[in-house]
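Comments concern the structure below.
Given the structure is predicted, the values throughout are model-derived calculations rather than measurements.
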Amino acid sequence: MSDPALRKTSIALALLGVAIAGYLTWVHYAGLSPVCVGGSHGCETVQSSDYAELAGVPVALLGLVGYLAILATTFLEGYTWRAVGAVLGLAGTAFSLYLTYLELFQIHAICQWCVGSAIVMTILTVVLAGRAVKSA
C-alpha cells in the first residue's frame with residue numbers, strides 16, 4: 001500500500017476513534033447512559049465502574065486525547081512524526097488491552113463502544129507502524 005493510502009487510512013481510523021471516544025466523553029460529562037445495540041447494559045456498567053476514571057480523569061477523555069494526538073501526527077512530515085504516531089498507537093493498544101482485561105475479569109461486563117475503540121486502535125496501530133516502517 002502506498003504512503004498516501006496509508007496516511008488516508010490512518011486519518012479515517014483516527015477520526016473514527018475520535019468519534020467513539022468523543023461520544024463516550026460526552027456521555028460521561030452529560031451524566032447519560034451510553035446507547036448500546038440490543039439494549040445491553042454492559043456499557044452502562046463499564047462507564048459507571050470504578051475503572052471508568054484514572055486519577056479523576058475519565059478514561060474516555062484519555063482516549064479522545066490519544067486519538068487526537070495520533071491524528072495530529074498524520075499531518076506532520078518526516079519519519080520522527082510517523083514513529084511518534086506508531087508509538088502512541090502502540091501505547092493506545094496496550095491500554096485498550098488492559099481495559100479489556102478489566103472489563104472481562106474485574107467489571108464482568110462488556111462495553112460495545114470500548115470493544116469498538118480497541119479494535120479501531122489496534123488496526124490504526126498496524127497502519128501507523130506500516131507508515132513508519134515504509135519511511136525508515
Side-chain angles (χ1 to χ4, degrees):
M1 192 179 267
S2 70
D3 184 64
L6 289 171
R7 183 172 179 259
K8 288 178 185 176
T9 303
S10 297
I11 291 168
L13 288 166
L15 287 173
L16 181 56
V18 165
I20 294 169
Y23 170 71
L24 292 175
T25 300
W26 173 71
V27 163
H28 174 86
Y29 284 113
L32 303 171
S33 296
V35 175
C36 294
V37 177
S40 167
H41 295 288
C43 295
E44 185 176 343
T45 301
V46 170
Q47 285 287 95
S48 63
S49 76
D50 292 339
Y51 300 102
E53 291 186 353
L54 184 63
V57 178
V59 170
L61 180 59
L62 295 174
L64 179 59
V65 169
Y67 279 116
L68 288 170
I70 289 170
L71 182 62
T73 68
T74 65
F75 293 104
L76 300 169
E77 294 297 326
Y79 171 75
T80 300
W81 289 112
R82 291 177 186 178
V84 168
V87 168
L88 289 172
L90 187 59
T93 297
F95 192 57
S96 293
L97 285 171
Y98 170 69
L99 294 174
T100 300
Y101 164 82
L102 291 175
E103 285 182 281
L104 292 171
F105 300 107
Q106 299 296 319
I107 304 168
H108 304 289
I110 298 294
C111 171
Q112 299 163 11
W113 292 103
C114 302
V115 170
S117 178
I119 291 168
V120 169
M121 183 60 80
T122 302
I123 296 169
L124 178 57
T125 300
V126 170
V127 175
L128 292 166
R131 281 193 81 213
V133 168
K134 266 187 147 332
S135 67

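- In this structure, A69 and L88 approach most closely via the heavy-atom pair CB-CD1, 4.0 Å.
- Side chains of C43 and Q112 form a contact here, defined as non-hydrogen atoms less than 4.5 Å apart.
- In this structure, the side chain of S96 does not engage the main chain of A118 through any donor-acceptor pair within 3.5 Å.
- Looking at residues two or more places apart in sequence or on another chain, you find no ring pair (Phe, Tyr, Trp, His ring centres under 6.0 Å) involving W81.
- One hydrophobic cluster, built from ILVMFWY side chains closer than 4.5 Å, cannot hold both V115 and L97; they sit in different ones.
- Atom CD1 of I119 and atom CD1 of I20 lie 9.0 Å apart (nearest 0.5 Å).
- Taking 4.5 Å as the limit, every side-chain heavy atom of P58 sits out of range of all side-chain heavy atoms of T25.
- Annotation: the span from L99 atom CG to Q106 atom CD amounts to 12.0 Å, rounded to 0.5 Å.
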Could you walk me through whether L54 and F95 satisfy the side-chain contact (heavy atoms from CB on, under 4.5 Å) test, starting with their C-alpha distance in whole Å, then the side-chain angles of each, then the deciding distance to 0.1 Å, before giving a yes or no? CA-CA 12 Å; L54 184 63; F95 192 57; 4.3 Å; yes

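- In this structure, CG on L6 lies 10.0 Å from OG on S135, to the nearest 0.5 angstrom.
- With sequence neighbours excluded, no residue forms a ring pair (Phe, Tyr, Trp, His ring centres under 6.0 Å) with Y79.
- Both L76 and I70 belong to a single network of hydrophobic side chains, linked directly or stepwise wherever heavy atoms of I, L, V, M, F, W or Y lie under 4.5 Å apart.
- Atom CD in Q47 sits 9.0 Å away from atom SG in C36 (nearest 0.5 Å).
- In the hydrophobic cluster analysis, where Ile, Leu, Val, Met, Phe, Trp and Tyr join through side-chain heavy atoms closer than 4.5 angstrom, V133 is grouped apart from V126.
- Here the side chain of S117 pairs no donor or acceptor atom with the backbone of W113 at under 3.5 angstrom.
- When every heavy atom of A21 is checked against every heavy atom of L64, the shortest pair comes out as CB-N, 3.4 Å.
- Inter-residue side-chain proximity for V87 and V84 is flagged as unmet; no heavy-atom pair is nearer than 4.5 Å.
- Side-chain contact between R82 and K134: absent, with no pair of heavy atoms (C-beta onward) separated by less than 4.5 Å.
- Annotation for T74 and S10: closest pair CG2-CB, 3.8 Å, computed over non-hydrogen atoms.
- Under the 4.5 Å side-chain criterion, counting only non-hydrogen atoms from C-beta, Y51 is not in contact with E103.
- V127 is listed as a side-chain neighbour of L13, based on a closest heavy-atom distance under 4.5 Å.
- Here the side chains of Y67 and M121 are in contact, with some heavy-atom distance below 4.5 Å.
- Put simply, NE2 on H41 and OG on S48 are 11.5 Å apart, with the number rounded to the nearest 0.5 Å.
- Inter-residue side-chain proximity for V46 and I110 is flagged as unmet; no heavy-atom pair is nearer than 4.5 Å.
- A pairwise comparison of heavy atoms in A86 and A132 identifies CB-CB, 4.3 Å as the closest pair.
- Under the 4.5 Å side-chain heavy-atom criterion for Ile, Leu, Val, Met, Phe, Trp and Tyr, L128 and L90 are members of distinct hydrophobic clusters.
- Both W26 and L68 belong to a common hydrophobic cluster when Ile, Leu, Val, Met, Phe, Trp and Tyr are linked at side-chain heavy-atom distances under 4.5 angstrom.
- Across all their heavy atoms, T73 and G85 have their closest contact at OG1-CA, 3.5 Å.
- Within 6.0 Å of OH in Y29 there are more than 12 heavy atoms belonging to other residues, nucleotides or ligands.
- Between G17 and V120, the shortest heavy-atom contact is N-CG1, 4.0 Å.
- Aromatic ring orientation, Y101 versus Y98: parallel (interplanar angle below 30°, classes split at 30° and 60°).
- Taking F75 as the reference, nothing meets the ring pair (Phe, Tyr, Trp, His ring centres under 6.0 Å) condition, with sequence neighbours excluded.
- A salt bridge does not link K8 to D3: none of the charged nitrogens lies less than 4.0 Å from a carboxylate oxygen.
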